[in-house]
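Structure, as structure tokens:
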Amino acid sequence: MGQFESFSAFVSMNGYGFFVWLSFGVTLVAILLLACHNWLQSKTLKKEIRQQLARQQRVRKTVQRHSVAAE
Amino acid sequence: MSTLNAVFKRELVLAFRQKSELLQPVMFFILVISLFPLGVGPGPETLQKIGPGVIWVAALLSALFGLERIFRDDFADGTLEQQMLSGIPLSLVVLLKVAAHWLVSILPLIVVSPLLSLFLNLTSAMYTALLATLLLGTPLLSLLGAIGVALTVGVRKGSVLLSLMLLPFFVPLLIFATAAVEAAALQLPYNGQLALLGALFLLALALSPVATAYALKVSQN
Amino acid sequence: MSTLNAVFKRELVLAFRQKSELLQPVMFFILVISLFPLGVGPGPETLQKIGPGVIWVAALLSALFGLERIFRDDFADGTLEQQMLSGIPLSLVVLLKVAAHWLVSILPLIVVSPLLSLFLNLTSAMYTALLATLLLGTPLLSLLGAIGVALTVGVRKGSVLLSLMLLPFFVPLLIFATAAVEAAALQLPYNGQLALLGALFLLALALSPVATAYALKVSQN
Amino acid sequence: MLDANNLTCCKSDRVLFQQLSLSLDVGDILHLQGPNGAGKTSLLRILVGLSQPQSGCVNYQHTSIEQSNDFAQQLIYIGHKPALNPALTAIENLTYWAQMHGVSLLSDIWQILSDLGLAGLEDIPVSQLSAGQQRRVALARLWIKPAKLWVLDEPFTALDVNAIDMVQQKMQRHAQQGGAVILTSHQPVDMMHNIKVLIMEYQWL
Amino acid sequence: MLDANNLTCCKSDRVLFQQLSLSLDVGDILHLQGPNGAGKTSLLRILVGLSQPQSGCVNYQHTSIEQSNDFAQQLIYIGHKPALNPALTAIENLTYWAQMHGVSLLSDIWQILSDLGLAGLEDIPVSQLSAGQQRRVALARLWIKPAKLWVLDEPFTALDVNAIDMVQQKMQRHAQQGGAVILTSHQPVDMMHNIKVLIMEYQWL
Amino acid sequence: MWKWLHPYAKTERLYQLSSTLLPWFSIAALLLLISGCVWGLMFAPADYQQGDAARIMYIHVPSAILSMSTYAAMAIAALIGIVWQIRTADMAVAAIAPTGAMVTFVALFTGAAWGKPMWGTWWVWDARLTSELILLFMYLGVIALYNAFEDKQQAGRAAGILALVGVINLPIIHYSVEWWNTLHQGASITKLSKPSIDPAMLWPLLINLLGFACLIASLSLAALKNEIIRREKHRPWVQQLVSDI
Ligand code: HEM
Ligand SMILES: Nc1ncnc2c1ncn2[C@@H]1O[C@H](COP(=O)(O)OP(=O)(O)OP(=O)(O)O)[C@@H](O)[C@H]1O
Ligand SMILES: Nc1ncnc2c1ncn2[C@@H]1O[C@H](COP(=O)(O)OP(=O)(O)OP(=O)(O)O)[C@@H](O)[C@H]1O
Ligand SMILES: [Mg+2]
Ligand SMILES: [Mg+2]
């Protein structure tokens, strides 16, 4: 285990384990959160655009119906 | 019932529509508090000494400026007129709006307060007392604030006027709250102060919605 | 020339039309400062220690909330559109508006500050230094604030957003100013800090009107 | 249905009207006319109870509007201000309004909006609609709440010709079906049925 | 006088108009028509330079409006917003506007206001005027500043019949004396002289 | 530079470029960060003064150094957007800001977690710490301003102005705070001439530095892609892209 004798020594880091692992953990979480945020954002955006396209279709149909009715 | 539900839900939807707005009171709170060490110097003891006062003053100010929007928009766009004509007692609507506002803008302040007591070097006993006073005192703040906002809603540019009217009412609140925290710092009991805050809160809960509704009606004339 | 005169005069007329409004920033300033002794307890040494910081933070906050109205009303009622179409460089108009605002809302703060330094137990050497920093620093405050207000003018409910944006810019100001007062308390020279504040002021004077005018144009789109 | 007796209204230093009485029956459409500043808006706000007259009283079904139980239920008032939150969508704004006014939620609210020419704009924030589109959303209330009495202050501003036609037809049908309407408008109202006109004069200082 | 070439304007997700060109000569009155939401207001704001088109350019006397020296001097734009500070009086508001726009102070400003039916209301705060009276104050600008080009967005809202007549006559005289007008209005404009109509269609999503 | 930049002002091209670059940066970031962290945590020697707590350095130092550079990158984008009126640069501002805020937060948090064992307190009002905190606020200001606008075109302009004005402010803050109160340790690897650090600790540090740089690039690119789509909704190529999936 590199500089450490055992896995438990590695985890405890001579008593500094809490701080070290807290730092690394929070960093990981922060990075993952931002990455997830980006990913979710792209999902919702694409969904929104698809909804928008569907709405255009709907509107076109109503307009056509109206114009047919008018004639 | 579903009507009241609707009022509450609308407030939440409006708050969450612009997420950045949700965070604004908290950010303001954090910023004001971090200005103090810059202004008075970084000595940990000084900071500890003035900490509770600073946190409370900051909470007062950010509650005050967050409150402004509670009726102003509804007044400006005419929603308030429609609410008055809907036949629902206006004081109920007011109560719900205040509750929603507290949940959305003030609760986050309380949630971040541990961080800030870290900035200001408070001990954990002090922090517990601070938390208790904030939990009891801030709803009182919102209820009182609502009256002030309702009174100034018809007046343009009322934001400073508002603070003028309200700050005197906030003085007792501030004194009891910081007294409790100081007692905690000296390991003394502070139930008395909390009880007083609680009593004030109940009083405000009974009176404020009615007063606020009346003030709103006057603003329409 | 007469045009610029007109801009300036209108601001003054507007301010004096509602006299209560003229007094609002001062009242707010006094109230925030008098809240502190209530919040942190009345020990004269503590007060002296935190005094300059408190006065400066209070000045910052009241300038901030007074500034808001500087463009918001003109934006809302369309006057800003008309000013843009008038052919006069917008940055000039901005500069005049800021100057008028400083005269009307900030100068009174400085006038009452002797009273407040009495409340907070400042020595007269400290007070002299405080006055000097306020005279140099508050115009800088107004110039910086104008940029922020212009950026948020198109956004509804921007008052807290505004403070979030601006407070980082106020940090150096606060540090230099309170450092000068502390130096004065220790009988040290504080020309250096004043020179720095002056330099920052000149920088802001050159850049802020242009940035503000640009931000206002963006808000129209 | 609605009776106003001896209303007097003063604004700051001027008497806008004095001893004004009017009564509205089922089937009536009352068109308030008069030059700018005659006091039409002021009168309407008094009639619905938003502001108090200097003297006089307003009765709905022979009870004062302040005591009447179903006045709120039977009234739709649409003033100068649209009562639309610009950050909410048309649907959200109208649903909220319907719930406030105790109207059971209508599933055809989408249909109403699309009939009003707002198809495709139902779920974008109202702030992004044009002046006339916003007015249409505000007027959609007439289709949503079944109320007897409509009080409309300049309903036609910003509307295009089609929309004005639609609203006028709606008003006429409403009057025929036992409702009553009071409106102000500077544009000619060319409904023929049962229209009454009240002309208010501008009182010089 | 004013030429717009190939203007394109998109709002959030929709293309309002594409490749729109128009030109306005001395003596022209151009009436923009079209249903609510067609993009009339958006077009006017682009024409005066308040907002930028996605593509295309606007020229005044063959120079781009951004570079033109006397465009500002020759333009009156009156939009939806009245540009009146509610705390100031009509006189104060107009005097300020005149000075901003480099018009030498007119002593007959009182006369103009009283011709516009505002006698006695010149020196009370604008917030205390009715909707139509405020509009009249805003339109008084047409009498104050001698400018060639008028761009008016729904000038007739809230005006009563008399006032509409006055404004229309003023526009017609202006056009005959070498000016040009662009306006939008949903109300019929019954001037006969030289009026051109541009109809904008509502572009579905 | 103008010639090189201009084709990427076309949003479609920029989108494609980002799409091709994104996986490379992501993979590089992943590999570098994993190897750097493993090296730093397991194989690098402990600091002779601070013991194993010094292992926090392997994320604290890279993130702290890069938090400033990221702001610089954002400000350059803002400058380009304002001076040459290039819309894609405004989008870049909006894309970089959240990434920068995240990195700054990491620097602050790891610093605090390092401070507790070393200085005995999570937070002191020291110059570096304070200016890092203010940097975070500046990022948050840009983000908040951007989100406050409904119209993203306007939002990008406004956020750009703020970012640019902020860049003038940054050095001022830096020096003012430094002069106000210093406790934090000075530069030790940025002094290139004579690095005062053991090479066995330097290597993982440099690897992580590079790793963080790639991470920032990849997160910003992902956000940039989103911004482009958000603002070009009505363009046929976006609609094509979306309906293809
Ligand atoms: C919240 C707390 C902290 C913050 C915000 C912070 C911030 C920073 C910043 C901004 C830098 C980059 C300096 C540069 O660019 O040259 C830095 C570097 C560094 N920090 Fe911290 N720090 C914090 C706590 C600590 C603690 C507690 C230690 C160790 C006792 C520490 C050790 C270092 C070291 C060794 C460097 C590298 C200096 C260099 O080589 O440039 N930091 N920190
Ligand atoms: N800020 C905005 N953001 C997004 N879309 C907008 C915005 N403002 C207007 N729009 C859209 O642009 C279209 C045109 O608006 P505009 O105000 O130009 O219409 P108009 O022709 O003046 O209509 P009206 O007759 O109702 O005044 C509308 O359909 C509206 O949905
Ligand atoms: N808040 C107020 N304070 C003082 N006077 C007012 C106030 N509001 C209105 N007035 C005055 O009352 C008169 C009537 O106003 P009102 O809005 O009722 O007119 P209106 O008939 O609706 O006119 P319009 O056709 O222009 O809408 C106006 O002449 C105005 O000067
Ligand atoms: Mg009216
Ligand atoms: Mg329009």
Return the OG1 to CE distance between T152(C) and M165(C), rounded to the nearest 0.5 Å.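 So the OG1 of T152(C) and the CE of M165(C) are separated by 5.5 Å.
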Rounded distance (nearest 0.5 Å) linking atom CD of Q128(E) with atom CG of L121(E):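 Separation between the atoms: 10.0 Å.
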Using a 4.5 angstrom heavy-atom cutoff, name the option from K217(C), K9(C), Q220(C) with the most pairs to chain E.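 Highest number of heavy-atom pairs under 4.5 Å: Q220(C).
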Scan H186(E), Q168(E), R135(E) and name whichever one has a side chain to side chain contact (heavy atoms under 4.5 Å, CB included) with F156(E).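 The passing option is Q168(E).
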Given a strict heavy-atom distance threshold of 4.5 Å, which part of E92(E) is in contact with chain C: side chain, backbone, both, or neither?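 Looking at E92(E), just its side chain touches chain C.
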What part of L50(E) gets closer than 4.5 Å to chain C, counting heavy atoms only: side chain, backbone, both or neither?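 Both parts, backbone and side chain.
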Within 45° of the axis and under 6.0 Å from the centre of the six-membered ring of F75(C), does NZ or CZ of K81(E) qualify?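 Relative to the ring axis of F75(C), which defines the angle, K81(E) lies inside both limits.
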One thing to verify: whether K170(E) and D115(E) come together as a salt bridge, which I'm taking to mean a side-chain N less than 4.0 angstrom from a carboxylate O.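 So D115(E) does not pair with K170(E) through a salt bridge.
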Neighbour count above 12 (heavy atom, 6.0 Å) for N6(E) CG: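 More than 12 heavy atoms, drawn from other residues, nucleotides or ligands, come within 6.0 Å of this atom.
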Can you tell me which of H80(E), Q73(E), H101(E) forms the most heavy-atom pairs within a distance under 4.5 Å of chain C?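 Greatest number of close heavy-atom pairs with chain C: H101(E).
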So T133(C) and L194(C), do their side chains get closer than 4.5 Å, heavy atoms only?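 Counting from C-beta outward, L194(C) and T133(C) do come under 4.5 Å.
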Contact residues of residues 79-98 of chain C (partner chain E; heavy-atom separation under 4.5 angstrom):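 Answer by number: T79(C), E81(C), Q82(C), Q83(C), M84(C), L85(C), S86(C), G87(C), I88(C), V93(C).
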Between S21(E) and N5(E), does any side-chain donor sit less than 3.5 Å from a side-chain acceptor?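 No, no side-chain donor-acceptor contact under 3.5 Å.
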